[in-house]
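Below you'll find the structure, written out as structure tokens, and then a few comments.
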Amino acid sequence: MKITYREALKQAIREALQNDERVFLMGEDVGRYGGAFAVSKGLLQEFGPGRIMDVPLSESGFVGAGIGAALGGMRPVVEVMTVNFSLLAMDQLVNNAATLLHMSGGQLNVPVVIRMSCGTGRQLAAQHSHSWEPLYAHIPGLIVLSAGTHEDARGMLHTALQCPDPVIIFEYTAMLNLEADLPADAGAVNIDRACVRKEGKDISIITYGAGVYKALDAAKELTAAGIDAEVIDLRVLRPLDNISILDSVRKTHRVLVVEEAWGSVNIAAEVSARIMENVFYELDAGVQRLCGIEVPMPYPKHLEDASLPQIEDIIKKVKKMLQHD
Amino acid sequence: MKITYREALKQAIREALQNDERVFLMGEDVGRYGGAFAVSKGLLQEFGPGRIMDVPLSESGFVGAGIGAALGGMRPVVEVMTVNFSLLAMDQLVNNAATLLHMSGGQLNVPVVIRMSCGTGRQLAAQHSHSWEPLYAHIPGLIVLSAGTHEDARGMLHTALQCPDPVIIFEYTAMLNLEADLPADAGAVNIDRACVRKEGKDISIITYGAGVYKALDAAKELTAAGIDAEVIDLRVLRPLDNISILDSVRKTHRVLVVEEAWGSVNIAAEVSARIMENVFYELDAGVQRLCGIEVPMPYPKHLEDASLPQIEDIIKKVKKMLQHD
Amino acid sequence: MEETSGMQTTTITDREHGMDLLYQMMRIRRFEEKSAELYTKAKIRGFLHLYVGEEAVAVGVTQALRTMDNVLSTYREHGHALSRGITAGVILAEMFGKLQGCSRGRGGSMHLFDAGKRFYGGNAIVAGHLPMAVGMALASKKQKMDNITCCFFGDGAAAEGEFHESMNLAALWEVPLLMVCENNLYAMGTAIRYTHAMQDLEKKGAGYGIESMKVNGMDVLAVEQAARLATAKIRTTGKPFFLVCNTYRFRAHSMFDAELYRDKSEVEAWKKKDPIPALMQQLLEWQLVTAADIKQLELKVETEIQQAVDFAESGTLEPVEELTKFVYSK
Amino acid sequence: MEETSGMQTTTITDREHGMDLLYQMMRIRRFEEKSAELYTKAKIRGFLHLYVGEEAVAVGVTQALRTMDNVLSTYREHGHALSRGITAGVILAEMFGKLQGCSRGRGGSMHLFDAGKRFYGGNAIVAGHLPMAVGMALASKKQKMDNITCCFFGDGAAAEGEFHESMNLAALWEVPLLMVCENNLYAMGTAIRYTHAMQDLEKKGAGYGIESMKVNGMDVLAVEQAARLATAKIRTTGKPFFLVCNTYRFRAHSMFDAELYRDKSEVEAWKKKDPIPALMQQLLEWQLVTAADIKQLELKVETEIQQAVDFAESGTLEPVEELTKFVYSK
Ligand SMILES: Cc1ncc(C[n+]2csc(CCOP(=O)(O)OP(=O)(O)O)c2C)c(N)n1
Ligand SMILES: Cc1ncc(C[n+]2csc(CCOP(=O)(O)OP(=O)(O)O)c2C)c(N)n1
Ligand SMILES: [Mg+2]
Ligand SMILES: [Mg+2]
């Protein structure tokens, strides 16, 4: 069944609302507007304002309220319209959601799910094009997911809602209209493991989010050039799934990490460092990174494109790493 | 001249106020209280409430006001009492301070200096023991400094105030009462380069902040055990000084990175990844990290100690890396 | 305090001034319409937020400002930028992403900046510029500069914590700041009754001891009068002032808005209060202008906008090699 | 609205209730004094914020709460925890970092939690718990639970953006929330005149359409009366209520405070309003208690606190192997 990424997200939310009375969706413009990106369009009509709550512009306030509602026995799904506004709520996420279980000596669970639309590629300029997965992936107590495929857009929410701990799900705006095949009965996916999206033996391309389809496209072209690349979708950015990463290195001995986020102190660095620590002697060459250029996102298309890892960049880099050029 | 870290900070602030009419200090309790950690004690009396401004609890508000005052021609030194509260102001720092120069096509400079007390070791528990240098080091447009020595506590502010761009200075509460020798005419230091605090040839211990004196102490003991460790203080966490790092690797071929911050997606990971990318073939073994355990800080002393890299841990790790045990 | 339009009759006798107000509003209107057109032609990309219907606010308030005053605005700021004297050409060039744009093309529609004109954005984090505005006013006070800072923001922004903190700081520090809330009744698709428990926003000033006033934001003369009163107070007392302009946006929130959240009839009712025909009619009534004058203004505006499009079209793109410029100053 | 103590005479006739109020305040006082002592002996570490002088607020407000109600507090929360029925022993054990503490020793003085008692901290980011309190009240409403949420915070907290957002959300959503501002005139060393442009904090309620009241926070009977009035309103209307308790802290902000920011004479003047001797005197006057009763209470408190110290002393430390427990649930 062909389905857009947007529709996959919506099906997941609708299902969650149907399955559990305690679930409700809250966020700016999720109701009457239909969601900033039309993800929740129609749900207000279907579930009513008690389950689909439009909230004022008060990111700290309503994210904190979501945390409180979780403490109080509900299963809130809080939408922060885009990750760009999430710094306003970051204190709540870090000092409360991520910390309460520990601070209370194990007494308090915070089963809240935070959905954030994120990513680049739409010429939204410096304040609206952030890739802050690395900031959240640094924080113990949070589970940080990245829905880089339709399958995960459809399946992650369900599993996240079963989790007693706070979960952040990153969704990628640029992919909303993208169609893909999903089985009609697609549903819950695990939220513990990375996933080998394509097996290969010559090099591991490790990525997540908007990088996944890019890497798969690159891998396809590389196959034509005689290079058999493995593509790993990290999916779970915190806690990272070491096993999948290290297994792939043991197989391919070469790694390129691809990430849209800025190039320093990012998830790619973490992957590289873990490989270094654990399987250094398996490496045939140093792990390389292909990340976002460290610049606030410029508005013009040509500069935005230049600041992000593109399919061609991946191909070029892989070829270079394999001395194939 | 023996001087405490606190006194070094205070001298720097006083000097800045004396040197430039445009400089003023603002922050919670910097005036009448004398500063949460007595760093600015007496300055209100000396400079008056126009230069030493107590502000309400409104981190986003007064940090943003500092940014605005910088745009308006002043040279504000904004104290965020401790880094733990800085997430409330992070949107201002990232979306405004770090971004305005670029967004305006080079028109607007934001010469604001943000001082944050930070660090661990005082049993302040989960919400008051954060080491968030990695979060800020991820952000292009910010200059991020870490005053791991008395020299830098004394000298970084001056240089930061000459800088047309926003600078964050991390200061370490646990070191405030620590005395060290400083020349009476100690003053401005550069804010571009890392610093070799101790030369050595067997291994590079790369660290910053509270790690510096710990690493130096460890190096001393290691010398006794016949290991000649080099200690590098990164000092400038953004932009990182590649040259110093790579030069040291070329010399010692082994690296341990020590950091109090949580163990994933941190500065240590970035250092490791850069070494991997640039001087992989210089390495005799994989770069190792010794970082904060990934747990919200527990209150009890024995658990807090166990969650942080201690001098003994450094020694042990180095010996192990050199197969010296 | 009452709406000023209720307090005093707002009338003028100065033909030139009337013509200018009309011209400015017409220019903004035409600029916005043209922008929408250029968006559909994909000349402009990213987010585009139009000001159509709200022109009286920017134009009215700006009358009370001087060259030295600072202005900060939101992502819906073309009108403020134009009122502030940034030419339509460099604004449009910016929206085209061209090097000749007022932010060198780096900012786009949401990030118009012009340091020379003391126009400080073009800020796209809702309420994120409020603390900065307080700081700029503080800098003026500290440097004993004879200027004020004017900060535009929406009804939605007033729900953010930054509004509270900024109002309090401005009042505590007694800084020369004009806070202008453009209450267009919606924050994106969320009506004010869902975003504010207490919807008479001007009453919020009392919580901070800030003098406040509301005004009919569809009446440029009333807005001008209120703004002059407000700025006069600020200039004499040095203290902040909170001005709520009640207005309405005729078009969608942005180019991605299906407007599911409001009735067409509501929009139509508000269009009857359109500030541009309203002023035209007044000026005609008062015999300050003739139909021919208006025709001429229309022509002038049309020419200006066409020149702006030409200017933007003929602009150049920044070389990709310059990508990492402006992250740091050196 | 006026201070309730000005509105009505606050008197009681119930001897047992009077004794209980007195006992509770005395117990908190003694607990805090003992804590200070134990801090200087390095038994307690980290930050320690004492409640001495403010006891009437926690004790008075708690009278109006039921077992099912939720309570959230700040880092100055020993008094609230004790009032809420957490025993002095487990609180002190927590402050000793012992496994037997109410948060297993992980939290310390600033992070007392007891899920069973519905005591949700012990929150040390100023105003950070306000949004959570709104959410807990929302959860009660959604689940049609018959409880309210009570949130304590300081005058300093009311300057944070979270206060504004939380007040607005609570009012918009009409949730059963009692917001109790403990206005002790200082945020650390910063007097309220430097933190609030408008210092009659109860007037801030109007900006959100929230019913508000101030009360003399040094008079436990007045606080109880006000809290009963407030909770009764909340329980009938389901809407939030904002109660400002004007009080004073007799001791330093924390153990690291040289109190440079206020005159000894000011503190001494406030000590004359000490709620504990005040209540004693009233109860004696009304002949509800005798000097002997008071003596006995003192003994009871003394014994209780001594037992608490013993309990904390005899507690054990969590094995270091468990360090990474409670980061995630599994
Ligand atoms: C902090 C933040 N949250 C959310 C958004 C997304 N957003 C952009 S405009 C807007 C509505 C703002 O409404 P208002 O302040 O009334 O201004 P208006 O657009 O009506 O002029 C929203 C929710 C944002 N840009 N920033
Ligand atoms: C967000 C934040 N900023 C600063 C601090 C440091 N701090 C701790 S208590 C305090 C004063 C709070 O004053 P108030 O709210 O009046 O409560 P009180 O201590 O008087 O009970 C400050 C500034 C903090 N804990 N959190
Ligand atoms: Mg609006
Ligand atoms: Mg206080």
Side-chain angles (χ1 to χ4, degrees), chain B residues 21-24 26 49-51 53-76 78 88-89 91-112 139-143 163-167 192 238-239, chain C residues 70 72 94 99 101-108 110-116 118-125 127-143 145 147 149 151 160-170 172-173 175 318 324-330:
Chain B
E21 276 293 317
R22 299 168 306 171
V23 171
F24 65 101
M26 67 161 144
R51 311 284 305 281
M53 292 176 68
D54 281 323
V55 302
L57 278 143
S58 327
E59 284 77 4
S60 188
F62 69 78
V63 169
I67 295 166
L71 284 175
M74 301 296 289
R75 287 286 179 280
V78 184
L88 293 166
D91 174 67
Q92 289 295 328
L93 291 172
V94 177
N95 271 316
N96 289 339
T99 308
L100 277 163
L101 177 69
H102 180 266
M103 256 181 351
S104 68
Q107 289 177 85
L108 300 181
N109 283 111
V110 186
V112 68
I139 310 296
L142 297 180
I143 292 172
C163 178
D165 299 319
V167 181
D192 306 309
R238 175 163 208 104
Chain C
N70 304 317
L72 291 85
E94 185 60 37
L99 195 45
C102 56
S103 306
R104 222 183 147 90
R106 296 254 168 169
M110 300 201 290
H111 303 300
L112 306 177
F113 289 92
D114 189 331
R118 296 184 164 267
F119 191 79
Y120 295 91
N123 296 282
I125 302 297
H129 59 307
L130 274 56
M132 290 201 298
V134 175
M136 296 201 76
L138 179 67
S140 294
K141 180 177 177 170
K142 283 193 182 294
Q143 294 167 104
M145 287 168 72
N147 66 349
T149 294
C151 179
E160 292 276 11
E162 278 64 26
F163 169 79
H164 176 70
E165 297 184 1
S166 300
M167 291 286 276
N168 189 39
L169 291 179
L172 265 174
W173 297 343
V175 294
E318 201 171 4
T324 56
K325 246 180 148 173
F326 313 124
V327 180
Y328 298 102
S329 299
K330 45 167 194 184

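Chain letters run A, B, ... following the sequence lines, proteins first, then strands; residues in each count from 1. Heavy atoms only: backbone and side chains are in, while hydrogens, waters and symmetry mates are out. If you're wondering where the values come from, they're calculated on a predicted model, not measured in any experiment.
- Of the listed residues (S103(C), G116(C), G122(C), A115(C)), the one with the most heavy-atom contacts under 4.5 Å to chain B is S103(C).
- In this structure, chain B has a heavy atom under 4.5 Å from the side chain of N168(C), while its backbone stays farther away.
- With sequence neighbours left out, K141(C) forms a salt bridge (charged side-chain N to carboxylate O under 4.0 Å, His left out) with no residue at all.
- For the side chain to side chain donor-acceptor pair (under 3.5 Å) test, residues two or more places apart in sequence or in another chain that qualify with E162(C) are S60(B).
- When heavy atoms are compared at a cutoff of 4.5 Å, S329(C) approaches chain B by way of both its backbone and its side chain.
- When the candidates P164(B), G72(B), G141(B), A70(B) are compared by the number of heavy-atom contacts under 4.5 Å with chain C, G141(B) comes out ahead.
- In terms of modelled atom types and a separation under 3.5 Å, the side chain of R75(B) and the main chain of F24(B) share no donor-acceptor contact.
- Between Q92(B) and P131(C), the shortest heavy-atom contact is NE2-CG, 3.5 Å.
- Checking R106(C) against H102(B) by side-chain atom types alone, a donor-acceptor pair falls below 3.5 Å.
- Heavy-atom distances place the side chain of L172(C), and not its backbone, under 4.5 Å from chain B.
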>> For I125(C) and D91(B): C-alpha separation, side-chain torsions, deciding distance, then whether side chain to side chain contact (heavy atoms under 4.5 Å, CB included) applies.
In response: CA-CA 9 Å; I125(C) 302 297; D91(B) 174 67; 3.6 Å; yes

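- A distance of 13.5 Å separates CG in N95(B) from NE2 in H129(C), rounded to the nearest 0.5 Å.
- Residue E59(B) touches chain C through its backbone alone, counting heavy-atom pairs closer than 4.5 Å.
- Heavy atoms of L108(B) lying under 4.5 Å from chain C belong exclusively to its side chain.
- In terms of non-hydrogen atom pairs under 4.5 Å with chain B, the most contact-rich of R104(C), E165(C), M145(C) is E165(C).
- For chain C, the nearby parts of I143(B) are the backbone and the side chain; heavy atoms of each come within less than 4.5 Å.
- Comparing L99(C), D114(C), T149(C), V175(C) by heavy-atom pairs within less than 4.5 Å of chain B, the highest count is held by D114(C).
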